Amino acid sequence: MRLVILGAPGAGKGTQASRLATYFNCPHVSTGEIFRRAIKDQTRLGKEADFHISKGQLVPDDITIELVEQRIEEPDSQFGFILDGYPRTPNQAIGLDDILRQKSLCLDAAIHLDLSEKEIYRRLGNRRVCTICGAIYHLDSLPPKHPGLCDRCGSPLVQREDDHLDTIKARLVVYRQMTKPVLSYYKNRGTLLVIDGEGDIDKVFKTIINSLETRSLKTNDCH
Ligand code: ADP
Ligand code: ADP
Ligand code: ZN
């Protein structure tokens, strides 16, 4: 299964991508998570990414497209991947198409998790993430079993630097201007599945699986 998960910051992309990766037994590729790891490791990529991410801006397309190209060249991506938070610009979408075309592959679907802005603020304000494994929690809807500690690996949970109000506002402006056109890109190709992101995590997951199944019964736009 080759999927891209689209949606505003806080829409639930990371949460659902992680579940989909387990369900379809393929890697969860999150560009945001790759950048955060590089920032933590203080690599050259990390320093460049941090400059943009801390302001709520996108990391430039050339860097991001190359990063994704390398990642989906890796052996674990050969039979599928769940791309979370990529593409975020039409250029990135074209970049992905080029990469796949060279391999005679195509996307199964682009999933848009649709959420109101009010709910976006509620989700991002209370999001906590694991500093080591990247697991995602929410103080109300998905609290860890032990406050402040990751259920999966026991490491400390933190609020992301870019989950503060000013940066959230900047990210939403960027989303409207740069990323929304990507939705039209996939809609025009007939690969877009719009999913209501408002329900609880299990409900949203079931809706995604149902619409993927219905879709594959109806058509296969892939070839
Ligand atoms: P969110 O979960 O809030 O949608 P992500 O974890 O996906 O955020 O990404 C965090 C930040 O990393 C983004 O705000 C952006 O600065 C950068 N980033 C992630 N993916 C991309 C991308 N595909 N293109 C450019 N920048 C990206
Ligand atoms: P994104 O990757 O799109 O920025 P996340 O998956 O990180 O979004 O989710 C944002 C926050 O909302 C996290 O704290 C997560 O635990 C929580 N969350 C995700 N999906 C839901 C849902 N369906 N209902 C309630 N909270 C959710
Ligand atoms: Zn962890």
Side-chain angles (χ1 to χ4, degrees), residues 4-20 28-39 45-46 48-68 71 82-93 95-96 111-115 119-144 146 148-163 167-168 170-175 178-179 182 195-208:
V4 299
I5 316 291
L6 310 167
K13 300 182 296 297
T15 302
Q16 296 299 333
S18 162
R19 294 190 174 208
L20 288 163
H28 169 195
V29 177
S30 157
T31 41
E33 193 54 33
I34 295 173
F35 291 139
R36 279 188 290 281
R37 212 157 282 257
I39 293 171
L45 171 71
E48 169 81 24
D50 195 23
F51 178 78
H52 303 282
I53 293 177
S54 59
K55 293 189 285 195
Q57 302 294 323
L58 296 182
V59 178
D61 277 348
D62 51 347
I63 298 177
T64 311
I65 294 169
E66 195 188 328
L67 182 90
V68 166
R71 182 62 188 86
I82 313 292
L83 262 178
D84 156 17
Y86 182 99
R88 269 177 146 101
T89 64
N91 246 344
Q92 293 183 9
L96 179 62
I111 293 173
H112 171 207
L113 294 175
D114 196 17
L115 200 67
E119 181 66 10
I120 285 172
Y121 279 102
R122 200 185 74 78
R123 289 198 184 171
L124 291 180
N126 289 324
R127 169 160 66 183
R128 296 294 181 271
V129 295
C130 175
T131 44
I132 300 298
C133 76
I136 305 166
Y137 299 87
H138 188 275
L139 295 182
D140 303 325
S141 59
L142 192 65
H146 305 285
L149 295 178
C150 179
D151 293 353
R152 227 198 268 169
C153 73
S155 306
L157 303 181
V158 295
Q159 181 163 30
R160 271 171 42 178
E161 294 280 345
D162 59 347
D163 275 349
T167 326
I168 293 174
R171 282 153 68 205
L172 285 172
V173 171
V174 167
Y175 176 73
M178 316 278 276
T179 308
V182 176
I195 302 289
D196 179 3
E198 297 275 343
D200 67 34
I201 294 173
D202 284 341
K203 184 176 161 225
V204 174
F205 181 72
K206 280 182 194 139
T207 311
I208 296 173

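Both ligands and their constituent atoms are indexed starting at 1 by order of listing. Quantities reported herein were computed from a predicted structural model and do not represent experimental measurements.
Within 6.0 Å of CD in E66 there are 12 or fewer heavy atoms belonging to other residues, nucleotides or ligands. Atom CD of E198 is surrounded by more than 12 heavy atoms from other residues, nucleotides or ligands within 6.0 Å.
Taking CZ of R123 as the start and CG of L142 as the end, the distance is 11.0 Å to the nearest 0.5 Å. The line from CD1 of I195 to CD of Q16 is 9.0 Å long, rounded to the nearest 0.5 Å.
Of the angles at the Zn ion (ligand 3), the one spanning SG of C133 and SG of C153 is 120° when given to 10°. Between the SG atom of C150 and the SG atom of C130, the angle centred on the Zn ion (ligand 3) amounts to 110° when rounded to 10°.
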Taking it one step at a time, do K206 and D200 satisfy salt bridge (Lys or Arg N to Asp or Glu O under 4.0 Å)?
CA-CA 10 Å; K206 280 182 194 139; D200 67 34; over 6 Å; no

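Considering backbone and side-chain atoms alike, G199 places an N or O below 3.5 Å from some N or O of ligand 2. Considering backbone and side-chain atoms together, Y137 places an N or O closer than 3.5 Å to an N or O of ligand 2. Considering backbone and side-chain atoms alike, R122 places every N or O at 3.5 Å or more from each N or O of ligand 2.
With hydrogens and angles disregarded, no donor-acceptor distance shorter than 3.5 Å links the side chain of H28 to the backbone of L20. Side-chain atoms of H146 do not come within 3.5 Å of backbone N or O of L149 as any donor-acceptor pair.
Taking every heavy atom of both residues into account, D151 and Y137 meet most closely at N-OH, 2.8 Å. Pairing each heavy atom of P9 with each of R171, the nearest pair is CB-NH2, 3.6 Å.
Close approach of ligand 2 to S141 is summarised as follows: ligand atoms under 4.0 Å from at least one heavy atom of the residue are 25 (C), 26 (N), 27 (C).
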Pairwise, report which nitrogen or oxygen atoms of ligand 1 are under 3.5 angstrom from protein nitrogen or oxygen atoms, and how far apart they are.
residue  : atom   : partner : partner atom : Å
ligand 1 : 2 (O)  : R127    : NH1          : 3.4
ligand 1 : 3 (O)  : R127    : NH2          : 3.3
ligand 1 : 3 (O)  : R160    : NH2          : 3.3
ligand 1 : 3 (O)  : R171    : NH2          : 2.4
ligand 1 : 4 (O)  : K13     : NZ           : 2.7
ligand 1 : 4 (O)  : R88     : NH2          : 2.8
ligand 1 : 6 (O)  : R36     : NH1          : 2.9
ligand 1 : 6 (O)  : R36     : NH2          : 3.1
ligand 1 : 6 (O)  : R160    : NH1          : 3.2
ligand 1 : 7 (O)  : R88     : NH1          : 3.0
ligand 1 : 7 (O)  : R88     : NH2          : 3.4
ligand 1 : 8 (O)  : R88     : NH2          : 3.4
ligand 1 : 8 (O)  : R160    : NH2          : 3.2
ligand 1 : 16 (O) : Q57     : O            : 2.7
ligand 1 : 20 (N) : T31     : OG1          : 2.8
ligand 1 : 20 (N) : G85     : O            : 3.4
ligand 1 : 20 (N) : R88     : NH1          : 3.1
ligand 1 : 23 (N) : G85     : O            : 3.0
ligand 1 : 23 (N) : Q92     : OE1          : 3.0
ligand 1 : 24 (N) : Q92     : NE2          : 2.9
ligand 1 : 26 (N) : V59     : N            : 3.1

